[in-house]
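The next block holds one structure in the form of structure tokens; read it before the comments.
We're numbering straight along the sequence, starting at 1. Computed from a predicted model, the values in this text were never measured in an experiment.
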Amino acid sequence: MLRDGTSDARSEGRAAGAGASANGILSMVGTPIGNLSDASPRVVETLRDADAVLCEDTRVTGKLLAHFGIRTPLERADENVLASRIPGILERIGDGAHIAFASDAGMPGVSDPGQRLVDAALDAGLPVEVIPGPSAVVCALVASGLPMERFFFEGFLPRKAGAQRERLGLLAAIPGALVIYESPRRVAATLGVIAEVMPTRQVSLVRELTKLHEEVQRGVASELAERVGDLKGECVLVIAPPSKEELAPQVTAADLDDAIRAGLAAGESKSSLAKRLAKELSRPKSEIYDRILELG
């Protein structure tokens, strides 16, 4: 089950012996993505109160704990070892341990192995709580200034240009903003592929989120690809949603002619036929009406 509330409420619940885990719990802890001041008091308290903190890299998380004077034992749990360790972790939670899981940065479970641990814990009937923290996905969306009523998080694209092109071709039809993580070493090349697949889309390159040199560059992908040089820091690319024209069905001249002939054969008036097809095909009514006259 998912639990929420203050740290005090959590402690009281564990002391009361509620739950199938005999007071054990898994805490998924969101950690700063750059600025350590973004760690909330609840994040600090959870990391301090846990019996152990699972993390991707003990050196990275160790710096966070040292900054706040936390001495909770750290255990490596990256994608290479987590699968084999899950049964033991679940057994410890079932025996009453409070286990925290933290990514190197951001919300655990988002584009990292923590998702498998949450899935396994819930399947085992063990309590899981989320301690909110910064998310590069949401921060980049806000910083981009692009429409984001709907968005799709892709994570990292395939590295090879051909596979990237194919994947972006599929993503192009999604009716929302696209969020992509990218290495600073590959971002220029990736922008070049985006320019091929979505040449007219506005793109925001967001870099060094929450840090001193946070930066946002905007433009079409081809412009950004020429503008970016040697970059440092992790990058997030936000691609604007497709226009109505991009989402409109791709209709050939032959398809249009067939639709016109079918409408005329059914007795539809030229005016109503032009109006209907203009709406269905997202084409100018005057253009369709002219073609109706030619064929009529």
- prompt: Quick one: CG on Leu277 to NZ on Lys279, what's the gap to the nearest 0.5 Å?
  reply: 12.5 Å
- prompt: Within the distance-only criterion (no hydrogens, no angle test), does the side chain of Arg165 pair as donor or acceptor with the backbone N or O of Val193 below 3.5 angstrom?
  reply: no
field: CD (Glu287) with more than 12 external heavy atoms under 6.0 Å
entry: yes
- request: Starting at CZ of Phe156, measure out to CD1 of Ile180 and round the result to the nearest 0.5 Å.
  value: 11.0 Å
field: Arg85 (side chain) donor-acceptor with Arg76 (main chain) under 3.5 angstrom
entry: yes
field: CZ on Phe68 to CG on Leu47, rounded to 0.5 Å
entry: 9.0 Å
- prompt: Between Arg48 and Glu45, is there a side-chain N and carboxylate O pair less than 4.0 Å apart?
  reply: no
task: Go through the steps to decide whether Leu209 and Glu234 satisfy the test side-chain contact (heavy atoms from CB on, under 4.5 Å), and finish with yes or no.
output: CA-CA 8 Å; Leu209 277 164; Glu234 294 303 317; over 6 Å; no
- prompt: Are there more than 12 heavy atoms of other residues, nucleotides or ligands under 6.0 Å from atom CZ of Arg185?
  reply: no
task: Step through the shown structure and confirm whether more than 12 heavy atoms of other residues, nucleotides or ligands are within 6.0 Å of CG on Asp123.
output: yes
query: What salt bridge (Lys or Arg N to Asp or Glu O under 4.0 Å) pairs are there with at least one residue in residues 100-118, not counting sequence neighbours?
result: none
message: Within the supplied structure, the quantity of interest is the number of heavy atoms (other residues, nucleotides, ligands) at a distance under 6.0 Å from Lys211 NZ; does it exceed 12?
response: yes
query: Does Gln217 CD have over 12 foreign heavy atoms under 6.0 Å away?
result: yes
Check: Arg291 side chain, Ala253 main-chain N or O, donor-acceptor pair, under 3.5 Å: no
- prompt: Hey, does the side chain of Ser222 reach the backbone of Ala195 with a donor-acceptor pair shorter than 3.5 angstrom?
  reply: no
task: Run the numbers on Arg167 and Leu170 for side-chain contact (heavy atoms from CB on, under 4.5 Å), then give the verdict.
output: CA-CA 5 Å; Arg167 180 61 183 166; Leu170 295 174; 4.1 Å; yes
